[in-house]
Amino acid sequence: MLDPRLFRTELDFVTEQLSRRSFNFNPAAYLELETRRKDIQVRTQDLQNERNSRSKAIGQAKAKGEDVQPLLDQVQHLGDELKAAETTLAEIQTSMAALMEGIPNILDAAVPDGKDEAANVEISRWGNVPEFGFTPKDHVDLGTDKGMDFELGAKITGSRFVVLNGGLARLQRAIIQLMLDTHTAEHGYSETYVPFLVNADSLRGTGQLPKFAADLFKASDDPALYLIPTAEVPVTNIVRDVIVEAKDLPLKFVCHTPCFRSEAGAYGRDVRGMIRQHQFEKVEIVQIVKPEDSVQAHEELTQHAETILQKLNLPYRKMLLCAGDTGFSSAKTYDLEVWLPGQGAYREISSCSNFKDFQARRLQARWRNPETGKPELVHTLNGSGLAAGRTLIAVMENYQDAGGRIHIPEALKPYMGGLDIIG
RNA sequence: GGAGAGGUGGCUGAGCGGUCGAAAGCGGCGGUCUUGAAAACCGUUGAGGGUUGAUCCCCUCCCAGGGUUCGAAUCCCUGCUUCUCCGCCA
């Protein structure tokens, strides 16, 4: 959520900034609602004030043993009027909240214009795209005889699910272990284990609700619980309604969870293989920082994700997402795209975002600023460090040999129990 | 799943339907004292919002949502949640 004060003082700026995202914000409609809000709120508070002072007077008169009946007669009419005003105010505030919750974050000045991924800007490239003396296979062809079974996934559940057996299941686990160990031992993150089902308040806090309900799997109606689309949700919500002491910042969490996405609107895209599944494993890194530190933290966090790709010696490029491709809650996002020989293309394997105070305002996640002594909003950031399912694909495709066997990267061997080749 | 007891400020913990946003203690902050620190003493110390140039002032918040009342932390209902006991269970 954006700062309501920004709307009151810099409406033109907000409107202009939102248009960068092709978000159609109607300032006139906002102003009308805001004017009514102010009007009704002032009137309601006046009425409340009157009720309070009169009730207090009744109490005082009663304490002195005076006859309070005349006073009671005077307040007869107050109740209805006040109740009506309070009801109207609540309705307006609900409308205002709904409006505000549907408005995306303002983009960082560094974010380039553009309407879709074609306008993303390549920042850097790392590693050498491998030269094979043969036509490299994709992970589906490589995995068929090694325990990657999409038909079984479809039988047990449906499309976009997979079963992994033997070496490939172990390889995915090894990838996860490497990530967790690297982020805890080398990057200073604290390993966290969280619920995989979350309530609506948590999803509202990180921005998935109310706007993106269709992307979620709802697991229960009463109480309303949802499967997490990313560990970002439960982990960032650790600081919901919390005032963190300055000395405890930054908070850095790393968390491995499965992620569940309905992939509504992705029909027909990436239907082959493990690229886009309803369920996938991911290691997420999350930082809660002082506002002044978030720009630097964003660079570091992205670097932390890059470290994993470098340890696995997987070629990748770092992209700065353009205005149209940057997510709803994010002010600035870097995507890391790994080279997939089977597709002959770079594909997203990590997305690292600085949300600034957008999530924090929804979450009421604050820190006590020693300079002001007041609670102020923190900045939140997160990134995939990395998506484990896609990392598995990348390892398979980049480490294949002419015989269709998969060589285990050096960094993963300690986790593979002596196995150094699959196939 | 069954039975019972609770949810109050950063923490512990009082609170008869009426000057209660809330006693007291701890913690925090400031001061006195001290070479410095501790101790002691004095003072101060919740959050959000409206209005304002800034104060003042006003409103809301004692788990959440309803209700009763002129007036609710206090009474009633529902939900959530914590704890204890029994049952079941990885």
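Note on naming: letters A, B, ... go to the chains in the order of the sequence lines (proteins, then strands), and numbering restarts at 1 for each one.
- Looking at every heavy atom in both residues, A/Ile228 comes nearest to A/Pro258 through CD1-O, 3.6 Å.
- Side-chain contact annotation: A/His298 with A/Tyr334, donor-acceptor N/O pair under 3.5 Å absent.
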Between protein and nucleotides 49-58 of chain B, map the contacts as a letter string: B base, S sugar-phosphate only, - none, heavy atoms under 4.0 Å, written 5' to 3'. BSS------B
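- Side-chain contact check for A/Thr230 and A/Lys282: at least one donor-acceptor pair (N or O, by modelled atom type) lies under 3.5 Å.
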Residues A/Glu34, A/Arg8; criterion salt bridge (Lys or Arg N to Asp or Glu O under 4.0 Å); working and verdict: CA-CA 9 Å; A/Glu34 168 62 9; A/Arg8 291 176 208 164; 3.4 Å; yes
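- One side chain, A/Asp335 or A/Ser351, offers a donor N or O that lies under 3.5 Å from an acceptor on the other.
- Counting only N and O atoms by type, the side chains of A/Ser329 and A/Gln359 include no donor and acceptor under 3.5 Å apart.
- In this structure, a donor-acceptor pair under 3.5 Å is present between the side chains of A/Gln48 and A/Glu86.
- Nucleotide B/C89: unpaired (no Watson-Crick or G-U wobble partner with both distances less than 3.5 Å).
- Residue-to-nucleotide contacts include no donor-acceptor pair under 3.5 Å from the side chain of A/Lys56 to the base of B/G18.
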Distances for protein N/O vs nucleotides 61-63 of chain B N/O pairs under 3.5 angstrom?
none

Please report the C-alpha distance between A/Asp241 and A/Gln364 in whole Å, then the side-chain angles of each, then the deciding distance to 0.1 Å, and finally whether the side-chain hydrogen bond (donor to acceptor under 3.5 Å, both in side chains) criterion is met. CA-CA 5 Å; A/Asp241 294 325; A/Gln364 282 302 298; over 6 Å; no
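- To the nearest whole angstrom, the two C1' atoms, one in B/A22 and one in B/G15, are 8 Å apart.
- Nearest-nucleotide positions on RNA chain B place A/Pro375 closer to the 5' end than the other of A/Glu50 and A/Pro375.
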